[in-house]
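All remarks here apply to the structure that follows.
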Amino acid sequence: MIKIENLNVSIENKEILNGISLAVKPGELHVVMGRNGTGKSTLANILAGKEKYKVTGGSVNFVGKNLLEMSPEDRACAGLFLSFQYPVAIPGVNNMYFLKAAVNAVRKSRGEEEIDAVDFLSMIREKLKIVALDESFIHRPVNDGFSGGEKKRNEILQMIALEPKLSILDETDSGLDIDALKIVAQGVNDYRSPDRSFILITHYQRILNYMQPDFVHVLMNGRIVKSGTMELAKELEEKGYSWIEEEMVEIT
Amino acid sequence: MMDKTLDKTIAQEYKYGFETDVKQHTFPPGLDEKVIQALSEIKQEPEWLLKWRLKAYRHWLKMAEPGWANVKFTHIDYQSISYYSAPRKKSAGSLDEIDPEILETYTKLGIPLNEQKMLEGVAVDAVFDSVSVATTFKDSLKKAGVIFCSFSEAVKEYPELVKKYLGSVVPVTDNYYAALNSAVFSDGSFVYIPKGVRCPMELSTYFRINAANTGQFERTLIVADESSHVSYLEGCTAPMRDENQLHAAVVELVALDNAEIKYSTVQNWYPGDKDGKGGIYNFVTKRGACRGVKSKISWTQVETGSAITWKYPSCILQGDDSVGEFYSVALTNNFQQADTGTKMIHIGKNTKSTIISKGISAGRGQQTYRGEVKIMKSAENSRNYSQCDSILIGDKCGAHTFPYIDVRNPSAQMEHEATTSNIGEDQLFYCNQRGISTEDAVSLIVNGFCKEVFKKLPMEFAVEAQKLMEVSLEGAVG
């Protein structure tokens, strides 16, 4: 699905990612954990194509293409989805209208016909149930005046409507109460399939109680310093991150 | 990078910039009393009108160009402008007599004048440079009692109506450009809706400037008699030229008891090129008088063209319970400048006004909202609601808001809201990440921003306006 090799990224000459390598196969769910400021969101944004970052080395292959050469919209159309940590509000633009424009942009790029308003509405009604939102929600302006939980559920709604191959969930769990967390996790679980992959970025092990990750990675100082399975996440929850730091010091 | 895409999105070519090759009768440049006399003679005008023109001209000579608007331009040499230009083969009578080149021009502009192809339910008066070349659906309107004709024809056929209302809303001494217009106006549209009649179709005037080095000075007068209703729309385009051309129009609306006038404008004069060369100076005076009780005048404007726009469609709310509305979308891109807004003068009791202004600045465009709400002592229980929103695209443009509020009656209720925002990189990135291109994202955001105003346009034109915004914005995002 995606293969990141020795990726180096800087912003204003400050190195943020320092040789990241990560390969995600179809169907897999990878969790990237780490403290604040270790480069987790940078990784998500660079994969989605945000411009302020500079790639200084390495490569990223996504579904057989050189991801780093693609525009953000081409990446989206090729099946890469980012659930934003802080989804931005677009006042005046109707949520449904926005979503329809997005779905049609993606369909168009696949050479499919645009979906008409009636079919779209019935499709969205089904998906709204999955994220437990009522229909009035899609007639509000995009993320404008949404609560934290509504924003995150809206991201998941967009994900299941756009049907991406790879979903990067950037702290989709943060700021959610337990009910919203369960809904978001359930939305992701329902969407999992052998040909869809996920990179879940999080601080906490909490959401992992509701999901079954295949791999867990720890990001520190812009590098993946440890990889493991669910057991690693549990260990982090118990002991924090400092023991890994100590381990690293021992190695070097 | 984002800026480059933004620039590309905002800068699309002006589609209506072609020129029609047609033999024209054009006055040599220059303005004096003889020119006005010659103009009046060509139009076979009555003595009173010539006198009226000369009075305006003499007053104009004593006036100075207004300097208070937030726009910059080099001084206009009024002696270098030709004040009359008309196709030689001209007739407002039958279509067969119109130069086929001109018919072709209007077809290219999307305004076919042939009976078979005419826009359904919309009667059009086509003004080409200084004269009206055709008015469609005239006969069917006549059956309903509605008068819709060129201004020149109205002077001949309905002199009493013209004499009664001409200059009654915008006096010849009103302002510099209105005085100039009163002196030299060459044609325009006249509408009269008789008592109790609901005009059976949309009326519209399509203004086209074609000849070089001319000015277009047209005059529109709409009178809605008691309990009548009319919806009117004007559209405008001009060829692309390096020189600036002056368009100084005057529009007067009169609504009597219980009458309603809805006046919509889609202004798409040539805005100049991306370096700010050429374009129309659109210096226009538009004012409506709600003379009767419970009368209503509603202005809706979409201003995307012109190098400089200077206009304030206003309402004088004289009749008790009368209503004034102003809905505006103005877009300035590249080096365009706009100083636009409205005046709501509340005189009658229980008068109400609403102002919704949406300004979009891109490129190096400068945009000013200037509005005045005046509640006179007599205007018991009056209300105004104003909302002025600006959106900035890129970091080289500007938005300015000057709302004046003058309340002389303590029972008035006033509300004013204003916002300024910009299309942020984060918003564009969010759209991009969902597969939406930057161009589409900008028009999505801008259309969302303008929605409230577009809703006020007649159906057919709302779609048109939305398309126009997209075209005008092309290249805005970079």
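Each chain gets a letter, A, B and so on, in the order its sequence line appears, and its residues count up from 1.
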Which portion of B:C450 sits near chain A, non-hydrogen atoms under 4.5 angstrom: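 It is neither, since no heavy atom gets under 4.5 Å.
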
Atom [atom1] in [X], atom [atom2] in [Y]: separation rounded to 0.5 Å?
| X | Y | atom1 | atom2 | result |
| --- | --- | --- | --- | --- |
| B:T438 | A:E73 | OG1 | CD | 5.0 Å |
| B:E425 | A:E51 | CD | CD | 6.5 Å |
| A:N143 | B:Y430 | CG | OH | 4.0 Å |

B:Q433 (side chain) donor-acceptor with A:L80 (main chain) under 3.5 angstrom: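 At least one qualifying donor-acceptor pair exists.
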
Give a yes or no on whether [X] atom [atom1] has more than 12 heavy-atom contacts from other residues, nucleotides or ligands under 6.0 Å away.
| X | atom1 | answer |
| --- | --- | --- |
| B:R383 | CZ | no |
| A:K151 | NZ | yes |
| B:K352 | NZ | no |
| A:R192 | CZ | yes |

Contact leader toward chain B among A:K108, A:R75, A:Q158, where contacts are heavy-atom pairs under 4.5 Å: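 Of the candidates given, the most pairs with chain B belong to A:Q158.
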
For chain B, which residues of residues 86-105 of chain A have heavy atoms nearer than 4.5 angstrom: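 Those residues of residues 86-105 of chain A which have a heavy atom under 4.5 Å from chain B are A:P87, A:V88, A:A89, A:I90, A:P91, A:G92, A:V93, A:N94, A:Y97, A:F98, A:A101, A:A102, A:A105.
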
Pairs involving residues 112-134 of chain A, ordered by first then second residue, that meet side-chain hydrogen bond (donor to acceptor under 3.5 Å, both in side chains) (sequence neighbours left out):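 For residues 112-134 of chain A: A:R125-A:E135, A:E126-A:K129, A:D134-A:S136.
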
Side chain, backbone, both or neither of A:L162 within contact of chain B (heavy atoms, under 4.5 Å):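 Looking at A:L162, just its side chain touches chain B.
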
